[in-house]
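This chain uses plain numbering: 1 for the first residue, then up along the sequence. Keep in mind that what you see is a predicted model, and the values were worked out from it rather than measured. Only heavy atoms go into these numbers, but all of them, side chains included; no hydrogens, no water, no symmetry mates.
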Amino acid sequence: MLRIGLTGSIGMGKSTMSKLFAESGVPVNDSDAVVHDLYAGEAAPLVEAAFPGTTKDGAVDRQELGRQLAGSPEGFKRLEAIVHPLVKKREAEFIERERQRGSEMVLLDIPLLFETGAESRVDVIVVVSCNPQIQRERVLARPGMTVEKFNMILARQTPDAEKRARADYVIDTGHSIETARKRVAEIVSDLKRRLASGDFLNA
């Protein structure tokens, strides 16, 4: 079973592309959604123990956690040490479920794919990208986003140019949704062709 890794910097349109892959029939494991679920469940007491005062009604208060993490690289490392193993466990369970269903490929939506060394967990990498100005406009339009917060997030992410250089496929989301949908269909079709021809013998 082929494992496609989807990644992209903040504001590039990765979540929308995940939905388009799902529409094309590829089962998707969304890391952001998994984290959201973990924050409302098993990760909450662990996060509270590491960052007192960051949970409310048994769930992680993301705003308070963000406030405590602001400008704290050491804090991010502590949080990742808690969350990443739980996310990987959920990912492995998803892959096993799809393997048993006989799926020929799955998509793993991993925001920090390069930053966390997740390349080893996928067979092919798709990077979502767009013009930096479009990215900036999209991100700064989000509720509660500031230039400082945007710059802090960017500083923790692998530069877009490097991601593009390391990708097997790139989706430019700076055009219409139909253009992006067509590109996703092209990628899925090409991967099916490559699977059929034995390009991914170990997948």
Side-chain angles (χ1 to χ4, degrees), residues 1-39 41-43 80 83-130 135 138 157-203:
M1 186 176 68
L2 186 73
R3 294 162 301 170
I4 308 162
L6 180 75
T7 195
S9 299
I10 183 171
M12 293 299 196
K14 184 176 55 58
S15 297
T16 303
M17 294 310 103
S18 275
K19 292 186 179 77
L20 294 184
F21 273 97
E23 279 178 21
S24 73
V26 179
V28 171
N29 184 66
D30 181 344
S31 292
D32 281 338
V34 169
V35 170
H36 195 79
D37 188 53
L38 289 169
Y39 276 1
E42 62 185 296
E80 287 167 359
V83 176
H84 286 175
L86 296 174
V87 170
K88 273 199 230 178
K89 180 170 171 278
R90 292 281 187 96
E91 182 186 285
E93 290 166 356
F94 163 80
I95 289 170
E96 187 51 38
R97 271 197 313 275
E98 294 304 327
R99 196 186 300 282
Q100 288 180 11
R101 284 179 184 152
S103 299
E104 63 176 341
M105 62 176 77
V106 293
L107 184 126
L108 307 178
D109 180 338
I110 309 175
L112 298 176
L113 186 145
F114 292 115
E115 295 83 349
T116 59
E119 306 102 302
S120 60
R121 307 207 305 270
V122 299
D123 304 299
V124 64
I125 296 171
V126 178
V127 166
V128 178
S129 181
C130 69
Q135 175 195 27
R138 285 175 180 167
Q157 296 186 336
T158 299
D160 178 56
E162 184 181 333
K163 285 177 178 165
R164 292 171 71 108
R166 294 167 71 181
D168 296 289
Y169 300 91
V170 175
I171 304 173
D172 185 341
T173 64
H175 308 289
S176 71
I177 189 73
E178 283 313 314
T179 302
R181 184 176 276 112
K182 187 178 172 205
R183 178 64 178 144
V184 167
E186 284 172 358
I187 293 170
V188 172
S189 175
D190 191 53
L191 289 173
K192 285 182 176 179
R193 178 191 61 75
R194 291 175 66 187
L195 268 172
S197 66
D199 269 14
F200 302 107
L201 292 177
N202 297 320

### Query
What's the shortest heavy-atom distance between Lys192 and Met105, and which atoms?
CG-CE, 3.6 Å
### Query
Under a 4.5 Å cut-off applied to non-hydrogen side-chain atoms, are Leu113 and Glu119 in contact?
yes
### Message
To the closest 0.5 Å, what do you measure between CG (Leu38) and CG (Leu86)?
### Response
5.5 Å
### Message
So, taking the atom named CD in Glu96 and the one named CE in Met1, what distance separates them when rounded to the nearest 0.5 Å?
### Response
8.0 Å
### Non-hydrogen side-chain atoms of Ile177 and Leu20 separated by less than 4.5 Å
yes
### Message
Rounded to the nearest 0.5 Å, what separates atom CD in Glu115 from atom CD1 in Ile110?
### Response
11.0 Å
### Task
Heavy atoms only: give me the nearest Phe94-Leu107 pair and the separation to one decimal.
CE2-O, 4.3 Å
## Note on the structure
From the list Asp168, Asp199, Asp123, salt bridge (Lys or Arg N to Asp or Glu O under 4.0 Å) with Arg194 holds only for Asp199
Residues 9-17, side-chain donor-acceptor partners within the protein, below 3.5 Å, at least two apart:
residue	atom	partner	partner atom	Å
Ser9	OG	Lys163	NZ	2.9
Lys14	NZ	Asp109	OD1	2.8

### Query
Can you name the nearest heavy-atom pair linking Thr7 to Leu112, along with the distance?
OG1-N, 4.4 Å
### Message
I'd like to know if Arg97 pairs up with Glu93 as an ion pair, taking the criterion as any Lys NZ or Arg NE/NH1/NH2 lying under 4.0 Å from an Asp or Glu carboxylate oxygen.
### Response
no
### Query
Can any side-chain N or O of Ser24 pair as donor or acceptor with the backbone N or O of Ala185 at less than 3.5 Å?
no
#### Entry: Close side-chain approach of Ile171 and Val184, heavy atoms under 4.5 Å
yes
### Query
Do Glu186 and Arg183 pass the salt bridge (Lys or Arg N to Asp or Glu O under 4.0 Å) test, and can you show the C-alpha distance, the side-chain angles, and the key distance before you say yes or no?
CA-CA 5 Å; Glu186 284 172 358; Arg183 178 64 178 144; 3.4 Å; yes
### Query
Minimum heavy-atom separation for Asp32 to Pro111, with atom names?
OD1-CG, 3.5 Å
### Task
For Gly174 and Cys130, work out which heavy atoms get closest and say how close.
N-CB, 3.9 Å
### Task
State, with a plain yes or no, whether a side-chain heavy atom of Tyr169 is found less than 4.5 Å away from one of Asp190.
yes
### Message
I need the Ser31 OG to Leu6 CG distance, nearest 0.5 Å.
### Response
10.0 Å
### Task
Report the residues that fulfil salt bridge (Lys or Arg N to Asp or Glu O under 4.0 Å) with Arg164, sequence neighbours left out, ordered by chain and then residue number.
none
### Message
Is it the case that the side chain of Arg3 and the backbone of Leu108 share a donor-acceptor pair, with hydrogens and angles ignored and the cut-off at 3.5 Å?
### Response
no
### Query
How far does CZ of Arg121 sit from OG1 of Thr116, to the nearest 0.5 angstrom?
6.0 Å
### Query
Should His175 and Lys182 count as side-chain neighbours, where that means a heavy-atom distance under 4.5 Å?
no
### Task
With the side chain counted from C-beta on, respond yes when Ile125 and Arg166 share a heavy-atom pair under 4.5 Å apart, and no when they do not.
no
### Message
Please check: side-chain N/O of Ser129 versus main-chain N/O of Asp172, any donor-acceptor pairing under 3.5 Å?
### Response
no
### Message
Ignoring hydrogens, what is the shortest heavy-atom contact between Ala167 and Val127? Give both atom names and the distance.
### Response
CB-CG2, 3.5 Å
